[in-house]
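In what follows, a single structure is set out as structure tokens and then discussed.
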Amino acid sequence: MKKYLTHHEWQIIENGFHAEHNRISESVFSIGNGRMGQRANFEESYTGDTLQGSYVAGVYYPDKTRVGWWKNGYPEYFAKVLNACNWIGIEVKINETVLDLAKSDVTDFKRTLDMQRGILQRQFTAKLETSEQVKVDATRFCSLADDEAGAIRYAIQCDFSGELTLTPYLDFDIKNEDANYDEKFWEEVELAVHKGEGYITAATRKTDFRVCTGMCFDIFVNDKNVTPDIEIFRKEKFISNTVKLKVNEGDEVVIYKYAVNLSSENHPKDALSNNADKLLQNIRQKGFQTMLKEQMAAWATRWKDSDVVIEGDVAAQQGIRFNIFQLNQTYTGEDERLNIGPKGFTGEKYGGSTYWDTEAYCLPFYLSTADERVARNLLIYRYKHLQKAIENAEKLGFKDGAALYPMVTMNGEECHNEWEITFEEIHRNGAIAYAIFDYIRYTGDKAYLADYGLEVLIGIARFWAQRVNYSNQKGKYVILGVTGPNEYENNVNNNWYTNFTAKKCLELAMESIEWVKKNCPEKYKAIVRQINFDETEEQAQWQQICDHIYQPKYQEFGIYLQQDGFLDKDISPVDDLEEADRPLCQKWSWDRILRSCYIKQADVLQGLYFYEHEFDEATIRRNFDFYEPLTVHESSLSPCVHAILAARLGYHDKAYEMYLQTARLDLDDYNNDTEDGCHITSMAGTWMAVVKGFGGMRVVDGKLHLNPFLPKQWTGYSFKIRWRGSILNIKVTQAETTVENESGESVSLVLSGKLTEIGGKTS
Ligand code: BGC
């Protein structure tokens, strides 16, 4: 746990340079716009510890995997989110010395992530070993308005007289730190450098994605635009322009650097450099100030719809805003080919882009805070990968259109290979079906089923129908050899969560078939033909499985059993563990973890959270009381589920404790791993802990329910949600809860158990 960042409602602030935490700060202060992202690396040279990271959405490399023992069915590669061209670089030389904070005496350092405006700022004074001094004030952002562009204003106040040399550059000769074979993934395709601008187009090896990065710049001395002599330089995958300026003490030199990153995902390969040139000229013409204004306006719109205000607790306010900010930086919903990686644009770890995290955790955030199209695009992403999911299942021996979605993917293909996850964490299929259910429950958009959802649900149902087997001994269908969400148990039989979600998938598929058949008969017929669906036979089998699937329970305690053998374990609460044993994943052998009763993340409770409406409160309470004390929450995805259930059960202190574990997870480096990147997908969990946990938001039978309470640590809070065409602003204080309807039509909802009509602005 680290506490070096200053609390502030709208900003993340590092006061004083914490070189020892630089990688953490580089993650936390990352900026992005859904299309590109950038860790908070320095513009000037830095020889201290750093993880350079510039990312372009949708571009990946299929790195050859490293495994000890190859197993049939493993995918050939692990997709890597790629570190791309360094577009921020500006080398600064003062007389003969390169400015490098690792070699200077640094004072008045301040790094600020201004979340309200979507910009990163940095100020410092650096005294070089050669005793010259400069004051730097740098601002940069990834533009939301021009989402292939970034801009930098880098101002240098000279406390010396002599020569200042500025070298803005593009460096495509970069690596991924997590490359399995230490290879470089980019090859140069085209490179051009002129006075004042330059471009590099590079291609990824194997996948042949092309990215063209371009830069241009303007220099001002004491507010006057200067056109100095420029020395151009090029070498493989690298270009630069060098400008030498004679400066006097007190002069202020400002360089505006504009950069663009265009990828072949969005432009024809042969038009990349032309289009990059056009965009670059366009943004340069607009200028930094205009771009900044557009940036502020775009972020103001984002905040208008998605802000959560917390009163009486600045740390909590900063935490929730940081989470919302990062989510909005990572995914904008503009492009249905993109998704939300566990680290977003803030680091390399986890490779790939999409985990079950999107469906299980992120969808609700986008459903409630953005246009319906955004959540729909997340679902369509999986629809488009259906064929690959079928191929993925075929590789494992399934047939006839059974679909197994991948655990980790960039393009629909599985790209993760640890047998206990790739082959066994099949519960991921359940989350994909659940997301369709959740989307329709929230939006009422049943037509989605006929357009896209039904095919996915049938593919998933077919998978479960083949994956179960009938146990003569139990007289039930069982699911053997799985890993549930709790990755601290592998190859278990009858993980309740997996069995239960399998049943829900089958039921959902059958209900959806009924609906599409009745309401869109022509579309239904077309689907049946296309996927060769034997309506009677397949559904009869599914029904049979639903009626007889084994759901392990321990009657005496009235709880669902996490898996058949769970009660054979030595059961003792997490509280009895020594501090020195935590986190288990770092302190214990895998053997010891697997045999222990400790649960990495919500498992039975995950199922109760998803399908809460099917369980009475007493059942949820018994299971919560049993499993919560055994859960170590060593996945950042865990505490939010516990927070939501705890709130529902009236365990308000527990709910708040769980909320705190995610809200400031990265800001306080709670798990000692923020240096790898931020936990983007769990950030949606923080939002859920507030809105579904403290706010008690649920949708039951097409009606919105709110059942708020105020954590005693706060004096009030408010959040906005979009609900079926209206925007509702919910404010909770000690005295009351008010719901303001910001749009036209009136809305009826159930507020703290009472049916209430909230008039619209015009009604
Ligand atoms: C969790 C998984 C999750 C992955 C990516 C793991 O630690 O156990 O459930 O999908 O992280 O966030």
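Whatever order the structure lists them in is the order used to number ligands and atoms, beginning at 1.
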K64 backbone acceptor or donor facing N180 side chain under 3.5 Å: yes
Y611 and F500 aromatic ring geometry - parallel, tilted or perpendicular at 30°/60° bounds: perpendicular
Axial cation check for F322 ring with R664, 6.0 Å and 45° limits: no
All side-chain contact (heavy atoms from CB on, under 4.5 Å) counterparts of S638, not counting sequence neighbours: Q601, A602, T631, H633, H642
Donor-acceptor under 3.5 Å (D581 side chain, W588 main chain): no
Side-chain touch Y560/N623, heavy atoms, less than 4.5 angstrom: yes
Could you tell me, for ligand 1, which of its N or O atoms are under 3.5 Å from any protein N or O, listing the pairs and their distances rounded to 0.1 Å?
residue, atom, partner, partner atom, Å
ligand 1, 7 (O), K600, NZ, 2.8
ligand 1, 8 (O), E487, OE1, 2.9
ligand 1, 8 (O), K600, NZ, 2.9
ligand 1, 8 (O), Q601, OE1, 2.5
ligand 1, 9 (O), W356, NE1, 3.0
ligand 1, 9 (O), Q601, NE2, 3.1
ligand 1, 10 (O), W356, NE1, 3.0
ligand 1, 10 (O), D357, OD1, 2.7
ligand 1, 12 (O), D357, OD2, 2.5

